[in-house]
Peer 1: 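After the structure tokens below, expect a handful of questions from me.
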Amino acid sequence: MPRQGSPRRTPDPSRDWRPQPRGLVPAEVRERWDAAQGEFVDDPPGSVRAADALASEVADAVIAEIEARRAALRTALEDADEDTEALRVTLRDHRAFVRGLVGDD
């Protein structure tokens, strides 16, 4: 008689969601950072201004990503209506969103 194991958990594809700078290419951001930092010896104020501008751009892009994700979650909630399975998936996605923001693993 075959043994039955515990039920397998469905993988959570959104579990690892983390806010990323929407519309920015990480390699390009790193290159711009390296350039700003590299200018420090010759032009400290200009270097810091360039770093500040980049930090502001990245922060705005991350905020845009968070807002887009939140809008998608709201839409999913509205679409779920009374469907228990759809609500379960939506709750899971909300959990991934919150954990992604607070860094809770």
Side-chain angles (χ1 to χ4, degrees):
M1 180 176 215
R3 269 180 64 193
Q4 287 186 343
S6 60
R8 296 177 106 182
R9 290 180 53 170
T10 304
D12 183 349
S14 63
R15 181 176 178 202
D16 295 327
W17 180 86
R18 298 282 187 262
Q20 299 292 318
R22 188 177 192 80
L24 296 180
V25 178
E28 292 174 6
V29 171
R30 283 189 286 278
E31 286 176 17
R32 289 175 58 196
W33 173 260
D34 290 343
Q37 186 174 352
E39 293 175 18
F40 186 80
V41 171
D42 295 327
D43 182 12
S47 171
V48 174
R49 280 193 294 275
D52 181 63
L54 181 58
S56 179
E57 187 178 336
V58 170
D60 289 345
V62 170
I63 290 167
E65 176 64 19
I66 290 169
E67 289 173 346
R69 179 70 173 153
R70 184 68 184 112
L73 290 170
R74 280 191 199 115
T75 299
L77 175 59
E78 291 166 2
D79 292 347
D81 196 32
E82 297 294 320
D83 178 359
T84 303
E85 178 59 15
L87 289 168
R88 183 192 68 77
V89 170
T90 302
L91 180 62
R92 179 197 68 193
D93 292 344
H94 276 79
R95 178 186 66 212
F97 177 74
V98 171
R99 286 181 174 176
L101 292 174
V102 300
D104 185 22
D105 294 327

Peer 1: If every non-hydrogen atom of Leu101 is compared with every non-hydrogen atom of Ile66, which pair is closest and at what distance?
Peer 2: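 Of all heavy-atom pairs spanning Leu101 and Ile66, the closest is CD2-CD1, 3.6 Å.
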Peer 1: With a 3.5 Å distance limit and no angle check, can you tell me whether Ser47 reaches the backbone of Asp43 through a side-chain donor-acceptor pair?
Peer 2: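 Checked: no pair found.
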Peer 1: For Glu28, enumerate each residue passing the salt bridge (charged side-chain N to carboxylate O under 4.0 Å, His left out) test, keeping only those at least two apart in sequence or located in another chain.
Peer 2: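 So Glu28 forms no salt bridge (charged side-chain N to carboxylate O under 4.0 Å, His left out) with any residue.
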Peer 1: Show the nearest heavy-atom pair for residues Leu54 and Trp33, with the distance to one decimal.
Peer 2: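 Closest pair (atom of Leu54, atom of Trp33, distance): CD2-N, 3.5 Å.
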Peer 1: Locate the shortest heavy-atom distance separating Ala76 from Thr90; write the atom from each residue and the value.
Peer 2: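 The pair with the smallest heavy-atom distance is O-OG1, 3.8 Å.
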Peer 1: Using a 4.5 Å cut-off on heavy atoms from C-beta on, say whether the side chain of Leu87 contacts that of Leu77.
Peer 2: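 Yes, at least one pair of side-chain atoms sits under 4.5 Å.
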Peer 1: If you compare all heavy atoms of Gly100 against all heavy atoms of Pro19, which two are closest, and at what distance to 0.1 Å?
Peer 2: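 Between these two residues, the closest heavy atoms are O-CD, 3.6 Å.
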Peer 1: Examine distances only and state if a side-chain atom of Thr75 and a backbone atom of Ala71 form a donor-acceptor pair shorter than 3.5 Å.
Peer 2: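 Such a contact is found between Thr75 side chain and Ala71 backbone.
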Peer 1: Where the side chain of Asp83 meets the backbone of Glu85, is there a donor-acceptor pair that is under 3.5 Å apart?
Peer 2: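 Yes, because the side chain of Asp83 sits within donor-acceptor range (under 3.5 Å) of the backbone of Glu85.
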Peer 1: Does the distance from a Lys or Arg side-chain N to an Asp or Glu carboxylate O, for Arg70 and Glu67, drop under 4.0 Å?
Peer 2: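 Looking at Arg70 and Glu67, the cut-off is not met.
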Peer 1: Mind checking the CG-CZ spacing from Leu73 to Arg69? Nearest 0.5 Å is all I need.
Peer 2: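 Leu73 atom CG to Arg69 atom CZ measures 4.5 Å (nearest 0.5 Å).
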Peer 1: Kindly write out the residues that satisfy salt bridge (charged side-chain N to carboxylate O under 4.0 Å, His left out) with Glu65, not counting sequence neighbours, or none if the list is empty.
Peer 2: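 Checked Glu65 against salt bridge (charged side-chain N to carboxylate O under 4.0 Å, His left out); matches are Arg22.
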